[in-house]
Protein chains: 2
Amino acid sequence: MLKKKQNIEHTQLLVLSLLAGEDMYGYQMIVELARRSDRTFEMKEGTLYPILHGLEKEGYVEAYQQTAPTGRVRKYYHITRKGSGLLSEEKEAWQRYCGAVNAVLEASLA
Amino acid sequence: MLKKKQNIEHTQLLVLSLLAGEDMYGYQMIVELARRSDRTFEMKEGTLYPILHGLEKEGYVEAYQQTAPTGRVRKYYHITRKGSGLLSEEKEAWQRYCGAVNAVLEASLA
DNA sequence: TAGAATACCTCGCGGCACAAGGTATGTCAA
DNA sequence: TTGACATACCTTGTGCCGCGAGGTATTCTA
């Protein structure tokens with residue numbers, strides 16, 4: 001009856017989704033995520049950076065240095081083809097998950 | 001910039017939502033949850049029972065014994081007024097969360 | 001010129017979902 | 001009638017995720 005694990009790791013989904021739009025550096029991602037989610041997601045640095053390093057290690061993203069007009073060096077991340085594949089999977093998983101929750105919520109109204 | 005914690009505890013939401021429809025016992029909730037979610041949620045007993053005990057301890061649900069026609073004794077849970085309040089809050093939180101994820105996903109398409 | 005903002009990083013903790021195991025009763029087929 | 005399976009409840013231990021907290025360094029601004 002009970003078998004599969006189902007982890008909620010929407011953080012990866014969100015990060016990959018951001019990078020699907022354009023290359024970004026860490027700090028920017030935190031700010032953008034907050035903005036696009038209307039302040040719902042205030043991702044912590046202690047959360048984001050380990051995720052980025054993990055994604056890079058697995059080949060889902062690639063990092064490169066770039067100096068900003070301000071003179072500061074930033075570390076940009078670029079999503080790879082492999083990363084896009086993962087994103088697709090996670091999008092689908094999210095939609096399924098989201099739909100399932102809503103189904104349960106609506107069922108209890110009847 | 002970064003301040004609030006945001007835990008993903010949709011399990012409570014799902015459990016309370018089930019009980020909002022009718023009183024249920026643990027095993028039944030697992031089966032119902034799987035059915036209503038089209039097998040997406042196969043909640044484990046090691047997850048459910050501690051949650052139920054916690055909800056009961058905090059006064060969100062009340063438990064009572066009832067003997068089934070089969071002769072088996074079952075432990076039914078009933079949602080309290082306080083529990084309904086919590087459910088409302090969590091529903092709202094879920095909608096906000098869900099909307100935020102979708103907003104981020106859609107933003108990356110542009 | 002001090003503090004805020006920018007920008008990156010890591011270590012350790014707490015809590016959650018689960019695996020795994022235990023107990024017990026009812027049902028049904030061989 | 002017995003053994004396997006479904007029903008029904010429970011707890012302990014573990015792994016991992018997200019975060020708190022702290023660290024470093026540079027640039028901007030009042």
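Just so it is clear: chains get the letters A, B, ... in the order the sequence lines come, proteins before strands, and each one is counted from 1.
Applying the 4.0 Å criterion to OP1 and OP2 of dC10(D), one finds that K75(B) has a side-chain N or O inside that range. At dA17(C), one or more side-chain N or O atoms of T11(B) fall inside 4.0 Å of OP1 or OP2 (strictly under the cut-off). One finds a side-chain N or O of Y25(A) lying less than 4.0 angstrom from the OP1 or OP2 phosphate oxygen of dA7(C).
Using a 4.0 Å heavy-atom distance criterion, G46(A) is classed as a base contact. Note on T47(A): a base of the nucleic acid sits closer than 4.0 angstrom, heavy atoms only. At a threshold of 4.0 angstrom between heavy atoms, the contacts of G71(A) are confined to the sugar-phosphate backbone, with no base atom among them.
In terms of position on DNA chain D, the residue among V73(B) and P69(A) whose nearest nucleotide sits closer to the 5' end is V73(B).
Checked against dT27(D), dC9(D), dT27(C), the side chain of T70(B) finds its nearest nucleotide in dT27(C). Which of dC8(C), dG18(D), dA19(C) sits closest to the side chain of I51(A) comes down to dG18(D). Nearest nucleotide to the side chain of Y27(A), out of dA19(C), dA8(D), dA7(C): dA7(C). Nearest nucleotide to the H53(A) side chain, out of dG18(D), dC9(C), dC8(C): dC9(C).
For a distance-only test at 3.5 Å, the side chain of R72(A) fails to qualify as a donor-acceptor partner of the base of dT27(D). Side-chain atoms of E45(A) come within donor-acceptor range of the base of dC9(C), with a qualifying N/O pair under 3.5 Å.
Between atom CG of residue L14(A) and atom CD of residue E90(A) there is a gap of 9.5 Å, rounded to the nearest 0.5 Å.
Using a 30° and 60° split on the angle between ring planes, Y76(A) and Y64(A) fall in the parallel class, below 30°.
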(request) Step by step, work out the side-chain contact (heavy atoms from CB on, under 4.5 Å) result for L52(A) and K75(A). (result) CA-CA 11 Å; L52(A) 286 174; K75(A) 195 169 171 185; over 6 Å; no

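The two residues I79(A) and A20(A) come nearest to each other via the heavy atoms CG2-CA, 4.3 Å.
Between the CG atom of L52(B) and the P atom of dT11(D) there is a distance of 11 Å, given to the nearest Å.
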